[in-house]
Amino acid sequence: MSHHIVEVKKLRHVYPDGTEALREVSFRITHGESVALIGANGAGKSTLIQHLNGYLAPTAGEIRIGDFPLSKGTLPEIRRTVGMVFQDPDDQLFMPTVYEDVAFGPLNLGLAGAELEACVKGALDRVGGAHLARKAPYHLSGGEKKRVAIAAVLSMSPDILVMDEPTSGLDPYARRQLISLLREFRHTKIFTSHDLDMVLELCERVIVLKDGEVRADGPALEIFRDEQLLAECRLEPPFSMQGCPVCGSVGRDKG
Amino acid sequence: MASLDGALLDLKRLDRLATGSTFLHRLDPRVKLVTTLVFLVCVVSFGRYELSALVPFFVYPILLAALGDLPLGYLAHKILLMCPLALFIGIANPFLDHQVVLELGGIGITGGVLSWLSIVLRAVLTVSAALVLVGLTGFPDLCRALERLGAPKAFAVQLLFLYRYLFVLVEEGGKASRSRELRCVGNRGRGISSYASLVGHLLMRTWQKAERIHMAMLARGFTGSFPRPEESSLKAADLLFLAGCTFAFITFRTTNVTRAIGSLVTGILP
């Protein structure tokens, strides 16, 4: 199943205004891995994930998704393989109703009739959003929007899920629901997030970006225990690993 | 900005009405669109002094609103909002046209007053028909109906996106304006320069959002044209509705039903 592999080699990206957002980023994510890209604001996370489905073109370096190098010719196939969930669902849900929005991708892939119906229904069912099908996206709550945005991507049956800040703006319950939902997915998953507790729950591996470079890449627990590294990258350990502010007891996995 | 937010809520309400499930909601959007167009053409094509012949046309929006479960009070409120405009358009008529054309209980009514009233009546009719159309169909379906009736695809898609992102734009604009309001002291900072900058920012944000939306579309395989799910075909009920309404409108247009009923009643009375 080599098509679930994401390989980034010496990626460099300079924006038209001269800002060098990525210097030399390299990593390889294999099938079924769940990886978090973390880093301070402006570390290059968003720029990096916009490369993963070819929205931004590298200034230098190479990206391979599965067996294909990312190029103009392979773009349609890669965009189906890599499902991208945006941070702001309002950017992503552009069709008049939820049903049509979830159907947008499959229709572009050429699905029709009962097959389309089943695909849309299946995707909505997986995120627990079947009852939202006829609603307009702007009538939904934040948590509902997020789930529908995920359904809209799932309906294209991607092999790799890329999510930008999946838990941002959600209430604790909706966040919890989303985390359990994501845990069920067997895809290769790549997140960017500042919600390090979520990262700790979902990802076994963490890549830390700093000033457009990979500063660290390793098992989540190992990285979160390295306080010096975290401080240097303007990060902190997840709350669940910090001591209790009331009783002073030591957080989990700390010792 | 409160009024803008309020207007948005109102728009959302109209949008929600369209999710009803009466047989009128289920009619093909194209049929409802064409019926409304026939209605509009019939109403606006009357002579400028016509009043009585317009009255029967009220049957259409009232009947549709009643059968389609649309709240009459809400619609009446929307129509009232538009009334000042209609009143204003014809306001000069009574002063320009002094010829008495009608005697009503000894009071002479001039052509100017008559044409003024006619304008108001027509405005109420056309606006209520349009509101009923949107309330029974929903804006997105209307856009699609337009496209299927031969309107340029780009036009229909633009309209659809306009409607979808109107909500986002108004919300963003509202937030920006509120934040300006909160940091204004008295009249300080309220001037055109901060307003220009606010609008400029809104434009830039719109631009960035448009780019992200485009990215989202590309990410889901968009290739330049909108795929369409299966299209419904016209059913017997659709054609029946269209034929029935068209027949009624043309009858109302060609014969003055009000007068006919009037003479019928006065004919029976001794």
Side-chain angles (χ1 to χ4, degrees), chain A residues 46 49-56 75-97 99-117 120 133-140 145 149 152-156 158 162 164, chain B residues 8-9 11-21 25 29 137-145 147 156-172 175 205-231:
Chain A
S46 296
I49 63 168
Q50 282 176 36
H51 279 87
L52 296 183
N53 74 347
Y55 188 74
L56 289 178
L75 215 50
E77 177 58 24
I78 281 177
R79 287 196 168 140
R80 195 204 62 70
T81 313
V82 182
M84 182 88 83
V85 180
F86 290 59
Q87 180 176 358
D88 180 357
D90 263 324
D91 294 337
Q92 204 184 330
L93 305 174
F94 46 79
M95 294 297 277
T97 65
Y99 182 92
E100 284 169 89
D101 205 278
V102 177
F104 182 82
L107 270 168
N108 282 324
L109 292 176
L111 259 60
E115 214 182 349
L116 177 73
E117 184 96 7
V120 174
R134 296 283 152 214
K135 285 197 171 181
Y138 43 82
H139 287 160
L140 305 181
K145 274 188 195 171
V153 168
L154 285 183
S155 65
M156 297 181 75
V162 179
D164 197 359
Chain B
L8 191 69
L9 277 178
L11 202 61
K12 283 189 179 177
R13 175 154 185 212
L14 194 61
D15 207 53
R16 279 212 183 94
L17 290 178
T19 58
S21 56
H25 284 94
T137 317
F139 200 79
D141 279 339
L142 278 179
C143 294
R144 246 170 260 128
E147 193 189 334
V157 170
Q158 283 295 324
L159 218 54
L160 210 61
F161 270 82
L162 175 80
Y163 189 69
R164 166 66 182 91
Y165 284 100
L166 189 63
F167 294 94
V168 180
L169 180 67
V170 171
E171 261 165 38
E172 297 246 327
K175 276 182 211 159
R205 285 237 291 281
T206 310
W207 196 300
Q208 286 176 338
K209 190 166 266 296
E211 273 191 347
R212 289 198 298 271
I213 294 163
H214 184 227
M215 174 159 69
M217 294 172 76
L218 289 179
R220 288 197 275 152
F222 182 68
T223 48
S225 72
F226 259 84
R228 277 191 243 168
E230 284 86 287
E231 296 186 330

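Throughout, protein chains are lettered first and strands after them, A, B, ... in sequence-line order, and every chain is numbered starting at 1.
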Legend entry - B/Tyr163: side-chain hydrogen bond (donor to acceptor under 3.5 Å, both in side chains) partners, not counting sequence neighbours: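 Once residues adjacent in sequence are excluded, the partners of B/Tyr163 under the side-chain hydrogen bond (donor to acceptor under 3.5 Å, both in side chains) criterion are B/Asp15.
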In terms of heavy-atom pairs under 4.5 Å, which option from [options] contacts chain B the most?
options: A/Gly83, A/Ala136, A/Ala152; result: A/Ala152
options: A/Gly110, A/Pro158, A/Pro96; result: A/Pro96
options: A/Asn53, A/Val85, A/Leu93, A/Asp91; result: A/Asp91

Legend entry - Qualifying residue, where the test is side-chain contact (heavy atoms from CB on, under 4.5 Å) with B/Arg220 and the options are A/Arg80, A/Gln92, A/Arg79: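 That would be A/Gln92.
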Legend entry - 4.5 Å side-chain heavy-atom contact, B/Glu171 and A/Tyr138: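 Contact flag for B/Glu171/A/Tyr138 side chains = no.
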Inset, instruction - Name the member of B/Cys143, B/Ala219, B/Gly138, B/Pro140 that forms the most heavy-atom pairs with chain A at distances under 4.5 Å. - result: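 Option with the top pair count is B/Ala219.
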Inset, instruction - Please look at B/Phe139 and chain A and tell me whether the side chain, the backbone, both or neither of the residue comes under 4.5 angstrom of a heavy atom of that chain. - result: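 Contact with chain A is absent: no heavy atom of B/Phe139 under 4.5 Å.
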Legend entry - Interface moiety of B/Leu160 toward chain A, non-hydrogen atoms closer than 4.5 Å: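 It is the side chain, since no backbone atom gets that close.
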Inset, instruction - Check salt bridge (Lys or Arg N to Asp or Glu O under 4.0 Å) between B/Asp141 and all other residues, then give those that pass, not counting sequence neighbours. - result: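 Salt bridge (Lys or Arg N to Asp or Glu O under 4.0 Å) check on B/Asp141 returns B/Arg144.
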Inset, instruction - Run the salt-bridge test on B/Lys209 and A/Asp90 with the 4.0 Å N-O cut-off and return the result as yes or no. - result: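 So B/Lys209 does not pair with A/Asp90 through a salt bridge.
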Inset, instruction - Classify the ring geometry between B/His214 and A/Tyr55 as parallel (under 30°), tilted (30 to 60°) or perpendicular (over 60°). - result: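 Ring orientation, 0 to 90° scale: perpendicular.
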Inset, instruction - Check whether A/Phe86 gets within reach of chain B through its side chain, its backbone, both or neither, counting any heavy atom under 4.5 Å. - result: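 Only the side chain of A/Phe86 comes within 4.5 Å of chain B.
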